[in-house]
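To keep things clear, I will list the structure first and then write my remarks on it.
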Amino acid sequence: MPACDALKRCIVILVLTLVLSGPSSAKTLIASIKPVALLVAAIATDDMQVRSLVPSGASPHTYQLRPSDRRSLADADAIFWIGPDMEAFLAPMFASADLAGRSHALAPDGNLSLASTPAKGPEHDHDAEHDHNPHVWLNPEQARAMVRRIHQVLRSLPGADRRQLDTNLSDFEEQLTQQEARLRQTLAPARGLSLFTYHDAFKLFADYYGLTIEGVLTSSPGRSPGARQLAGIQQHLRQARHPCVLVEPQFNRQHWAAITEGLTIPRSTWDPLASSVPANRSGYLAFQQTLADAVMACLPEQTQ
């Protein structure tokens, strides 16, 4: 029965092909939050799948792991996060032997020790916690340091295309440097603005580009501002030259509504978690542009 023999030979060839080819070489990379995913995607090769753990619209300060999240972490080839000061919910998970070797904290001490770039703008003594601001991805120089760390980890994965990873890193650093130069020129007219934010995460971007954060409502996103703090901010708003309120989609805006009642003060929205930015190779650059756009929207000629 020739047809039967031919079928058997086809089945044998198919089985041998599957066995010899082995498991898929695709790598699964988990990033705790979207901004970290943007940095990973900036240099990951095409055979690496990048996923964010915390969904858009959720805050890493209050997020709780779901069973599906735990399965994703268990299956990941590498996991990247900022550190316990940012994603406290992940710290117990990464203490386990199974995940400790695959999890990589990009700023484990939660401060600005990743790079030596000094602040580019005036300092404000908001709170002692300012020295341990874990929102390091907002500062381009800190992002550059984190990407280099990510590059080292990805290079160490079995089967990684090291040459392509090196090329992607070089391209990203060159593009980031070019963007920094453009944004310094773009943001120059905004240096006379007095910016007010819910908490001082934005200060890492503002300092780098010489912008002024005049006041913040709270030193910690998980801590509601008290009556004294609200009264103080309201007074600063009344006295500030060219004030502008930067609001965030993750936090309730009722405090701003209360203290700006009766005042004509522009508002602009910025998203520190880059919820609407695509997680592709140019995503981080697009994210930085959104931060600059939010500031530029505060200029008097833009608000008239």
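Numbers here simply count residues along the sequence, with the first being 1.
Under the salt bridge (Lys or Arg N to Asp or Glu O under 4.0 Å) criterion, the residue pairs touching residues 268-292 are Asp46-Arg281, with sequence neighbours excluded.
Residues Asp98 and Ser96 have side chains that never bring a donor and an acceptor to within less than 3.5 angstrom of each other. Side-chain polar atoms of His199 and Glu248 form a donor-acceptor pair below 3.5 angstrom. Looking at Gln175 and Asp171, their side chains never bring a donor and an acceptor atom within 3.5 Å of each other. A donor-acceptor pair shorter than 3.5 Å cannot be found between the side chains of Ser59 and Gln250. One side chain, Asp166 or His151, offers a donor N or O that lies under 3.5 Å from an acceptor on the other.
For the pair Ala201 and Leu138, the tightest heavy-atom approach, listed with the atom from each and the gap, is O-CD1, 3.0 Å. Between Gln142 and Val136, the closest heavy-atom pair is CB-O, 3.2 Å. Of all the heavy atoms in Gln288 and Trp137, the pair that sits closest is NE2-O, 4.0 Å. Minimum heavy-atom separation, Ala44 to Asn168: O-ND2, 3.4 Å. Nearest heavy-atom pair across Leu38 and Ala274 is CD1-CB, 3.8 Å. In terms of heavy-atom proximity, Thr269 sits nearest to Ala294 at O-CB, 3.6 Å.
When the side-chain contact (heavy atoms from CB on, under 4.5 Å) test is applied to Arg149, the partners found at least two apart in sequence or on another chain are His104, Leu106, Gln152, Val153. Judged as a side-chain contact (heavy atoms from CB on, under 4.5 Å), and not counting sequence neighbours, the contacts of Ser103 are Ile79, Trp81, Phe94. Contacts of Asp75 classified as salt bridge (charged side-chain N to carboxylate O under 4.0 Å, His left out), with partners at least two apart in sequence or in another chain: none. Residues that satisfy the ring-ring contact (aromatic ring centres under 6.0 Å, His included) test with Trp256, not counting sequence neighbours, are absent from this structure. Remark: Arg144 engages Glu141, Thr177, Glu180 in a side chain to side chain donor-acceptor pair (under 3.5 Å) (not counting sequence neighbours). With sequence neighbours excluded, no residue forms a side chain to side chain donor-acceptor pair (under 3.5 Å) with Asp77. The ring-ring contact (aromatic ring centres under 6.0 Å, His included) test applied to His236 returns no partner, not counting sequence neighbours. Partners of Phe202 by ring-ring contact (aromatic ring centres under 6.0 Å, His included), not counting sequence neighbours, listed by chain and number: Phe205, Trp270. Every residue two or more places apart in sequence or in another chain was checked for a side chain to side chain donor-acceptor pair (under 3.5 Å) with Asp161, and none qualifies. Residues satisfying the side chain to side chain donor-acceptor pair (under 3.5 Å) criterion with Arg66, sequence neighbours excluded, are Tyr63, Asp69. Arg162 meets the salt bridge (charged side-chain N to carboxylate O under 4.0 Å, His left out) test with no other residue; sequence neighbours excluded.
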Subject >> Chi angles and distances behind the side-chain contact (heavy atoms from CB on, under 4.5 Å) call for Val54, Lys34 >> reply: CA-CA 7 Å; Val54 178; Lys34 182 71 168 293; over 6 Å; no
**OP:** Any chance you could lay out the side-chain contact (heavy atoms from CB on, under 4.5 Å) test for Cys244 and Leu195, step after step, and finish with the verdict?
**Re:** CA-CA 5 Å; Cys244 183; Leu195 303 176; 4.2 Å; yes
**OP:** For Phe196 and Leu246, run side-chain contact (heavy atoms from CB on, under 4.5 Å): C-alpha distance rounded to whole Å, both residues' side-chain angles, the deciding distance at 0.1 Å, then the answer.
**Re:** CA-CA 6 Å; Phe196 292 78; Leu246 295 177; over 6 Å; no
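Proximity of Ile213 to Thr197: side-chain heavy atoms (C-beta onward) are separated by under 4.5 Å at one or more points. Using a 4.5 Å cut-off on side-chain heavy atoms (C-beta onward), Arg191 and Leu211 make contact.
Without hydrogens or angle criteria, Asn133 side chain to Asp200 main chain gives a donor-acceptor distance under 3.5 Å. Side-chain N or O atoms of Lys27 include one that pairs as donor or acceptor with a backbone N or O of Pro158 at under 3.5 Å. Under a 3.5 Å cut-off, the side chain of Lys203 and the backbone N or O of Val216 do not form any donor-acceptor pair. Although no hydrogens or angles enter the test, the distance criterion places a donor-acceptor pair under 3.5 Å between the side chain of Arg102 and the main chain of Ala74. The backbone N or O of Cys298 lies less than 3.5 Å from no partner atom in the side chain of Ser268, so there is not a single donor-acceptor pair.
Taken from CD in Gln235 to CG in Leu230, the straight-line distance is 13.0 Å, to the nearest 0.5 Å. Distance CG/Leu39 to CD1/Ile82: 7.5 Å, rounded to 0.5 Å. Distance check: Leu187 CG to Met296 CE gives 6.5 Å after rounding to the nearest 0.5 Å. The CD atom of Glu261 sits 9.0 Å away from the CD atom of Gln234 when rounded to the nearest 0.5 Å. Expressed to the nearest 0.5 Å, how far CG of Leu183 lies from CG of Leu285 amounts to 9.5 Å. Put simply, CG on Leu29 and CG on Leu154 are 5.5 Å apart, with the number rounded to the nearest 0.5 Å.
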